[in-house]
Amino acid sequence: MLNELLEKRALPPLLVSADGTPTTAETWEKRRRELLSTLEEYEYGRMPRSVGPTTWSEKHRERTAGGVAVSTVYDITFPTPDGESFTFPVTLSVPDGASAENPVPAFVYISFGFPWYYPMEEILDQNVAVAEFVMNSVAFDGDDKWGTLLSAHLFPDGKRAPDATGKIGMWAFAASRVLDLLLSLDCVDKTRVGVVGHSRLGKTALWAGANDERFTHVFSNDSGCSGAAITRGKVGETFPRIASVFPYWFSEKMQEISTDVETSERTPFDQHFLLAAAAPRKLYVASATEDEWADPVSEYLACRAASPAWELLGEPGFLAPDRLPEGGDCFADGKVGYHLRIGTHFLSRKDWNRYIEFIKK
Ligand code: GCU
């Protein structure tokens with residue numbers, strides 16, 4: 001059944017190189033680079049490049065979550081291409097008992113700053129650490145004419161080249177700078193370091209995880225259009241709509257392929273490229289039954305369409321039955337996990353609990 005549904009979507013082939021040769025396990029890394037470069041070219045823009053090492057300084061430390069954890073606020077600083085540097089805050093919360101002898105899994109949580117998406121006590125109680133940073137402290141989520149925060153350093157003259165990064169790429173780049181910090185800490189289990197985000201920040205988590213292979217786990221919560229959902233045949237939000245309402249999330253060039261739905265469905269890529277770029281690491285996609293704007297069916301089909309990348313490498317990809325998901329379903333036995341939560345567009349404790357289970361597996 002799923003193969004038939006996917007055939008109707010007529011997706012561009014995942015495992016055939018631009019020069020027409022079929023991808024093998026040996027040529028996978030080359031193909032992965034191609035996938036990333038196609039997504040950069042048409043959708044998110046070129047990822048910012050590191051021009052020097054990340055540094056950090058501790059600003060504040062306190063016991064949190066009723067005394068079961070310690071939260072530390074760091075200022076993270078990295079050099080920028082204009083010869084200056086950029087600094088943003090991150091709050092790292094580590095459960096008591098985490099140490100070099102007893103390292104814990106950790107999430108880089110790209111956040112809106114809304115407390116209702118972050119049931120901190122419940123998360124920390126499960127013995128995982130979370131490093132939260134807020135999107136608006138890195139790149140303003142709106143049309144700032146590229147004049148504020150990180151944008152001002154990347155585009156000092158206020159002009160953005162057509163293939164340059166949008167805000168999603170800037171947030172994703174910042175997630176990697178937070179990862180620089182996490183990887184320096186003895187109390188973090190380096191084999192279990194995930195990136196997680198909801199909605200626009202779920203798109204961002206996917207883009208961060210696709211680019212930075214040091215993330216061992218990638219979590220997309222209700223990311224929908226230009227996130228986990230296949231674009232061809234998608235219901236709810238479309239490329240023309242997202243590109244016109246949120247042009248600053250993407251490259252300038254995305255406008256060219258988003259003039260109308262037909263054009264956006266004739267591109268040489270679809271979102272299964274984004275999911276597959278996480279292979280052979282672990283990927284998890286979550287949807288919610290009432291989130292039609294994101295389109296749970298298209299998110300689910302994308303997992304299926306991306307799975308051959310894992311299979312090519314001899315890994316179990318997406319292990320799910322040959323049917324569409326029902327509310328409450330969770331398929332997380334392979335390296336690609338998925339669940340369909342009953343409810344609306346939200347990052348809930350149920351989502352977090354599944355992510356924690358998956359990262360601990
Ligand atoms: C809008 C947008 C979505 C996005 C969402 C969010 O609804 O259309 O693409 O995911 O905002 O980030 O909350």
Side-chain angles (χ1 to χ4, degrees), residues 39 42-45 108-118 132-144 165-172 174-175 195-210 218-251 254-255 257-261 264-265 267 269-275 284-303 338-341 343-348 350-352 355:
L39 293 165
Y42 291 97
E43 202 169 4
Y44 308 106
V108 173
Y109 170 41
I110 314 167
S111 162
F112 286 86
F114 301 152
W116 50 88
Y117 287 154
Y118 184 19
E132 179 197 26
F133 75 94
V134 176
M135 62 178 178
N136 276 327
S137 65
V138 172
F140 173 65
D141 186 27
D143 183 10
D144 59 358
T165 187
K167 303 280 171 98
I168 286 178
M170 293 185 208
W171 297 322
V195 57
V196 58
H198 168 61
S199 208
R200 67 201 64 183
L201 301 176
K203 310 178 207 295
T204 306
L206 287 170
W207 186 229
V218 184
F219 298 88
S220 150
N221 198 83
D222 302 359
S223 61
C225 186
S226 74
I230 283 170
T231 306
R232 286 166 172 76
K234 184 184 180 307
V235 298
E237 190 171 29
T238 60
F239 261 45
R241 155 85 202 203
I242 202 169
S244 66
V245 180
F246 303 104
Y248 44 84
W249 288 352
F250 306 100
S251 73
M254 188 188 172
Q255 300 296 330
I257 57 148
S258 305
T259 47
D260 53 76
V261 169
S264 70
E265 294 192 351
T267 55
F269 71 99
D270 209 306
Q271 296 304 111
H272 60 319
F273 281 24
L274 178 63
L275 300 192
Y284 197 107
V285 172
S287 313
T289 48
E290 290 175 54
D291 193 6
E292 276 160 28
W293 189 240
D295 188 357
V297 169
S298 293
E299 294 183 321
Y300 181 76
L301 288 177
C303 294
Y338 175 89
H339 74 242
L340 178 59
R341 176 175 49 77
T344 56
H345 187 72
F346 193 73
L347 173 51
S348 83
K350 289 186 180 141
D351 298 312
W352 275 109
Y355 301 158

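Computation of the quantities below employed the complete heavy-atom set of this structure, encompassing side-chain atoms and omitting hydrogens, waters and symmetry-equivalent molecules. Whatever order the structure lists them in is the order used to number ligands and atoms, beginning at 1.
For ligand 1, the 4.0 Å heavy-atom shell takes in F112, S199, R200, K203, E237, I242, F246, W249, W293, H345, ordered by chain and residue number.
For D222 and W293, the side-chain atoms include no donor-acceptor pair closer than 3.5 Å. Judged by distance alone, the side chains of E290 and T344 never bring a donor and an acceptor atom under 3.5 Å apart.
Checked for salt-bridge contact, R341 and D351 meet the test: a charged N lies under 4.0 Å from a carboxylate O.
Note that the CD1 atom of I257 and the CZ atom of F239 stand 5.0 Å from one another [nearest 0.5 Å].
Ring to ring, F219 and W352 are not that close: their centroids are 6.0 angstrom or more apart. For H339 and Y284, the distance between ring centers is under 6.0 angstrom.
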